[in-house]
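Below is one structure, written out as structure tokens; the observations come after it.
Order of the sequence lines sets the chain letters (A, B, ...), proteins ahead of strands, with each chain counted from 1. Everything numeric in this text was worked out from a predicted model, so none of it was measured.
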Amino acid sequence: MKVTKDQIQQLYAFTQKHYVEWYDVQTELVDHLANGIEDMWQKNPELSFEKALQIEFKKFGVTGFSDVVEQKTNALNKHYRKMVWKYFIAFFKLPKVVMTLFLIWVFHFVLVGLEDKFWFLLVVCLTLMFFPFRYIYKQGKIIKRRQKQTGKKWLFESTMVQLGGLMYVLNIGIYISIVFEIGEKLSNTKLVFLSAFLICFGLCLYVSICIVAPKLKQEMLKQYPNYQII
Amino acid sequence: MGNSKLYKGSLNTIILKLLSEHDKMYGYEITQKVKALTKGEFNITEGALYPALHKLEAEGLLDVEVAKVDNRLRKYYKLTETGTKETVNKLSELADYIKTMQSLVNPKLA
């Protein structure tokens, strides 16, 4: 005896009811529950779908699906950060390191040449602040539109919007007081450090938003053909 | 089943070993395979299996493929190239561990 199409939809609703709102996580759990139910039906064909489902769900322990969701979120965040690190570190290896050093040199050259560094640093910081905000806003709209069209939410998209947890670190607002404090001092070593920091910060944002996020989308599309890139 | 805590530390190695012997496997299949191989001695709990699989996937040791089977989607796991190399390392570590434990608990056999 096999689980029917309608019962599969009931299983999706069941996972949703048990706080699994992500389609990519639900899918794996639904298949697992369906397999378990079918195995039980082989031994006891009289068993009702609801009863079999309760027995199978109990196997997930007292925390239900929450451990699976939590660990999956952690694993996805880790995967995202690993990818960011991989592409970021490439900017410090040949041939890209030449470009990185050149950017730091140009930034430092401009900074040293300016008498009033405040306005320049303000524009740079606002740009670095605007870039991720614009990304979050755009992605949020896409996620909402997709959910409206398909009724599905994807955990990996939520990971992408938060840049795998890096969003909390890649917020220039945290460092802004230090940036202006150093920027106002004329010590050359400090200005070199500041130039290197801001260029690396910008590169990290660029890698996270422009390289890793699209790659993760492609990975998901490869895994789930029913995921559509809007 | 009372000693499942002893097996838990080797869960990743068990998963990798099973996948090295099969082209691809899905979660439920892994639990049933382990149950059959150990004659019910070791039951991988669902709450431990999926976090382990997701962790191995995030580490780049497993690749994922989703296929439609019957009337639902099924997520299959298979070893990546790195995963295949890591399986060899993990099995060797486990063999060393077993040998060390053997010499501790049963010096005559070691």
Residues 27-36 of chain A vs side-chain hydrogen bond (donor to acceptor under 3.5 Å, both in side chains), sequence neighbours excluded, gives A/Tyr12-A/Thr27, A/Glu28-B/His54, A/Glu28-B/Tyr77, A/Asp31-A/Asn35, A/Asp31-B/Arg72, A/Asp31-B/Arg74, A/His32-B/Glu46, A/His32-B/Tyr50, A/Asn35-B/Arg72, A/Asn35-B/Arg74
So, the part of B/Gln32 with a heavy atom under 4.5 Å from chain A: the answer is side chain
Under 4.5 Å to a heavy atom of chain B? For A/Val69 that would be neither
Check the surroundings of atom OH in A/Tyr137: do more than 12 heavy atoms from other residues, nucleotides or ligands lie under 6.0 Å from it?
no
Among residues 49-68 of chain A, residues within the sub-4.5 Å heavy-atom range of chain B, in order of number, are A/Glu56, A/Lys59, A/Phe60, A/Asp67, A/Val68
Check whether any side-chain heavy atom of A/Leu33 sits under 4.5 Å from a side-chain heavy atom of B/Tyr28, and report yes or no.
no
Among residues 75-84 of chain A, those lying within the under-4.5 Å heavy-atom range of chain B are A/Ala75, A/Lys78, A/His79, A/Lys82
Under 4.5 Å to a heavy atom of chain A? For B/Tyr76 that would be neither
Note: B/Val66 and A/Gln223 closest approach over all heavy atoms is CB-O, 2.9 Å
**Report entry** A/Tyr206 atom OH, neighbour heavy-atom count above 12 within 6.0 Å
**Finding:** no
If one checks every heavy atom of A/Gln9 against chain B at 4.5 Å, the contacting part turns out to be neither
Of the listed A/Glu70, A/Gln71, A/Lys72, the one with the largest count of heavy-atom pairs under 4.5 Å with chain B is A/Lys72
*State whether the number of non-hydrogen atoms from other residues, nucleotides or ligands found under 6.0 Å of A/Lys152 atom NZ is greater than 12.*
yes
Among residues 79-87 of chain B, those lying within the under-4.5 Å heavy-atom range of chain A are none
Rounding to 0.5 Å, atoms NZ (A/Lys2) and CG (B/Asp70) come to a distance of 4.0 Å
dist B/Asp63:CG -> A/Lys222:NZ (nearest 0.5 Å) comes out at 5.5 Å
Answer key: most heavy-atom pairs under 4.5 Å with chain B among A/Thr4, A/Leu29, A/Asp39 is A/Asp39
Given B/Gly47, B/Ala48, B/Pro51, the one with more heavy-atom pairs under 4.5 angstrom with chain A than any other is B/Pro51
Counting heavy-atom pairs under 4.5 angstrom with chain A, the leader among B/Ala58, B/Gly60, B/Ala67 is B/Ala58
Report yes if the side chains of B/Leu73 and A/Tyr23 come closer than 4.5 Å at any heavy-atom pair, otherwise no.
-> yes
